[in-house]
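Notes to accompany the following structure.
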Amino acid sequence: MFHTQQRKEGLSAAIFGLWRNWAIAVGFITVLAFVAPLVSQQWMAPICLTAYFLLRYVRSVMNHNHIPVCSRLYQEVSVIILIFASIVVLRLLTGHTVSMELNGQPVNENGPIIGIIISAPATVLVTLIFLLEKKEPLVCQLCHLRYGNVVEHGFIGKLYRLEWRFQTKVLMALSILMTVVDWAYYFFVYINVNLNSSDIFFFVLMPLALYVASLIYLGRRYYSIWMVYCHNDNYKLVSTPGSTEVRFLVFCGDNILIDMRQTENTYNNGAIVKRFDTPAVMKLSYRERVDTPQAITLFHELTGFNADEIRPIFSSPDNVTFRNIFHFFAFIDSPDEIVNSKLRGEWLTLGMLRSLVDQRLTDATLNAELARIYNVAMAWKTYDREGQRLYKFKHYHPTFRLRDIRSWDVDYNDPHWLCIGRKNEDWKFYKLSRLFAKIKRVFSPDHSLNIV
């Protein structure tokens with residue numbers, strides 16, 4: 001079964017979903033800029049907060065989709081809306097103590113708030129920070145946990161990363177343009193008594209026109225991408241049969257088995273990069289799931305002997321290109337068990353493994369497995385599900401040892417623990433985050449998604 005039609009539908013949904021993300025996320029900023037000059041100042045703060053929670057609600061609904069949805073642009077816009085709301089509240093609180101506006105005119109407490117001169121520079125600042133940020137945001141880490149490594153390093157992951165950066169640059173460029181034009185108009189032309197037709201054009205209609213133009217431009221862009229990958233199928237993403245990969249991380253006591261024969265990955269530019277990986281990897285025709293009994297049989301076929309214990313770690317489903325990965329632990333009691341087996345590798349300690357990772361000599365999939373095991377396990381050992389410390393010693397972290405993995409009872413498929421690893425009692429905004437989480441539960445259709 002090639003799943004050709006399902007693959008085409010999934011790719012189409014993923015590609016045009018990028019246009020939908022832009023339409024919704026940037027649409028929220030545009031609506032705020034459009035509404036701000038037309039309503040009284042007292043209403044803008046509630047409107048901003050309503051927009052914020054509506055956007056969070058939309059994001060929660062999107063997470064129900066079986067096709068991966070990139071939420072990074074939603075995260076950017078959420079920050080922009082919060083900055084907008086904060087400045088509006090600050091203006092209301094300090095309005096009676098400030099006699100002059102920035103353009104030198106007397107403050108008109110009954111006048112409207114010009115939203116675009118707030119949202120445009122805020123958008124420039126936020127997009128610049130997101131583009132310069134080297135560390136992957138939590139929203140992306142949770143996406144990797146939800147959909148797995150196959151999406152992260154597959155076509156969808158690469159497409160989302162490239163297009164998020166492109167969309168963010170477009171948003172920043174439009175915001176720079178509006179910042180320059182509207183602030184120049186505000187300083188040299190605008191009179192804060194009322195809104196004339198010229199004011200409405202620069203502060204209301206121009207942002208709306210640029211938003212509509214961006215929808216047309218990005219619509220044409222994603223239609224072209226869809227034609228390449230789905231209609232003409234130049235890259236064989238639709239016609240190529242799906243596949244399933246089953247991976248086993250083999251542990252014996254405080255050691256892990258690693259194939260040191262330097263697997264070669266050849267890239268399009270001709271570069272050859274050598275990567276070390278687990279030796280226990282099996283590729284099969286596509287199947288929707290691999291349970292533990294099947295994994296035990298597959299491990300025996302792959303190695304020629306039975307492991308003392310096989311246990312699932314997590315799965316990396318791909319409902320778009322139908323290329324999924326199933327990750328398992330394989331525990332053995334003695335290293336002598338692999339001597340006459342089909343496995344070839346060397347037993348490495350945690351320190352030796354960490355050295356290879358630091359030198360970027362390990363395979364990307366292995367890195368993703370190790371990162372998930374470490375981050376989820378350490379969060380589970382350090383905090384409870386509410387983020388409260390299990391040990392009342394600030395900044396104390398339990399030890400991480402390979403020999404302990406076999407005895408741990410933790411669900412590596414649970415994204416909650418990654419969030420706890422970032423947002424916990426040791427985080428300075430922990431109490432404020434918990435307050436927001438309680439408010440978000442009112443707006444989210446699924447409480448399990450209230451972790452970001």
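Note that the structure is predicted; figures quoted are calculated from it, not measured.
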Discussion item. Heavy-atom count check: over 12 atoms from other residues, nucleotides or ligands less than 6.0 Å from F34 CZ?
Written reply: no
Worksheet item: With a 4.5 Å heavy-atom cut-off, do I81 and L32 have their side chains touching?
Response: yes
Worksheet, complete the sentence: Closest heavy-atom pair, V77 versus F28, reported as atoms and distance to 0.1 Å, is CG1-CB, 4.5 Å
Worksheet item: Any side-chain heavy atom of N21 within less than 4.5 Å of one from R72?
Response: no
Fill in: Approximate separation, where rounding is to 0.5 Å, of S243 OG and K283 NZ
7.0 Å
Worksheet item: For F166, is the NZ or CZ atom of R221 found under 6.0 angstrom from the centre of its six-membered ring and inside 45 degrees of the ring axis?
Response: yes
Worksheet item: When rounded to the nearest 0.5 angstrom, what distance separates OG1 in T244 from CZ in F322?
Response: 10.5 Å
Discussion item. Using 30° and 60° as the class boundaries, would you call the ring planes of F203 and Y185 parallel, tilted or perpendicular?
Written reply: perpendicular
Discussion item. So for atom CZ, which belongs to R20, do other residues, nucleotides or ligands contribute more than 12 heavy atoms lying within a distance under 6.0 Å?
Written reply: yes
Worksheet item: Mind checking whether D182 and M206 have side chains closer than 4.5 Å, heavy atoms only?
Response: yes
Worksheet entry | Side chain to side chain, P312 and F328, heavy atoms closer than 4.5 Å | yes
Worksheet item: How long is the gap from CG on L55 to CD on Q75, to the nearest 0.5 Å?
Response: 9.5 Å
Discussion item. I'd like to know if the side chain of D199 reaches the main chain of N196, judged simply by a donor and an acceptor atom lying under 3.5 Å from each other, with no hydrogens or angles considered.
Written reply: yes
Fill in: T382 (side chain) donor-acceptor with A379 (main chain) under 3.5 angstrom
no
Worksheet item: Do K381 and L390 come close enough that some side-chain heavy atom pair is under 4.5 Å?
Response: no
Worksheet item: Which heavy atom of R389 sits nearest a heavy atom of Y383, and at what distance?
Response: CG-CE2, 3.7 Å
Response to the item:
Closest non-hydrogen atoms of P207 and T30, given as atom of the first, atom of the second and distance, are O-CG2, 4.2 Å
Worksheet item: Cut-off 3.5 Å, side chains only: do T365 and E369 have a donor facing an acceptor?
Response: no
Worksheet, complete the sentence: Residues I80 and S119: closest non-hydrogen pair is CG2-O, 4.4 Å
Item to complete: Side-chain contact test, heavy atoms from C-beta onward, threshold under 4.5 Å: evaluate it for L177 versus L210 and give yes or no.
Response: yes
Fill in: Distance, nearest 0.5 Å, that separates CG of L38 from CH2 of W43
15.0 Å
Practice prompt. Would you please indicate if the ring centroids of W408 and F400 are separated by under 6.0 Å?
Written response: yes
Worksheet item: Would D277 and R247 satisfy side-chain contact (heavy atoms from CB on, under 4.5 Å), going step by step from the backbone distance to the final call?
Response: CA-CA 10 Å; D277 196 8; R247 296 172 53 86; 2.7 Å; yes
Worksheet item: Is any side-chain heavy atom of L18 closer than 4.5 Å to a side-chain heavy atom of L159?
Response: yes
Worksheet item: Say you draw a straight line from CD1 of I225 to CG of L218; how long is it, rounded to the nearest 0.5 Å?
Response: 9.5 Å
Discussion item. Is it the case that atom OH in Y222 sees more than 12 heavy atoms from other parts of the structure closer than 6.0 Å?
Written reply: yes
Worksheet item: Can any side-chain N or O of Q359 pair as donor or acceptor with the backbone N or O of S355 at less than 3.5 Å?
Response: yes
Practice prompt. Locate the shortest heavy-atom distance separating C48 from A85; write the atom from each residue and the value.
Written response: CB-CB, 3.6 Å
Discussion item. Could you tell me if R385 sits above the aromatic ring of W417, with its cationic atom closer than 6.0 Å to the ring centre and no more than 45 degrees from the axis?
Written reply: yes
Item to complete: Could you give me the CA-CA distance, side-chain angles and deciding distance for I24 and M62, then say whether side-chain contact (heavy atoms from CB on, under 4.5 Å) is met?
Response: CA-CA 11 Å; I24 294 174; M62 294 296 180; 3.6 Å; yes
Item to complete: For side-chain contact (heavy atoms from CB on, under 4.5 Å), just list the numbers for I373 and I313, CA-CA rounded to whole Å, side-chain angles, deciding distance to a tenth of an Å, and then say yes or no.
Response: CA-CA 8 Å; I373 293 169; I313 311 175; 4.2 Å; yes
Discussion item. If you compare all heavy atoms of I83 against all heavy atoms of A122, which two are closest, and at what distance to 0.1 Å?
Written reply: CG2-CB, 3.9 Å
Discussion item. Going by side chain to side chain contact (heavy atoms under 4.5 Å, CB included), L249 matches just one of L366, I405, L402, I258. Which one?
Written reply: L366
Discussion item. Less than 6.0 angstrom separating the ring centers of Y190 and F202, yes or no?
Written reply: no
Worksheet entry | Mutual orientation of the aromatic rings belonging to W183 and Y186 [parallel < 30°, tilted 30-60°, perpendicular > 60°] | perpendicular
Fill in: Sub-4.5 Å side-chain heavy-atom contact between L215 and W19
yes
Practice prompt. Drop me the distance from T127's OG1 to K169's NZ, to the nearest 0.5 angstrom.
Written response: 11.5 Å
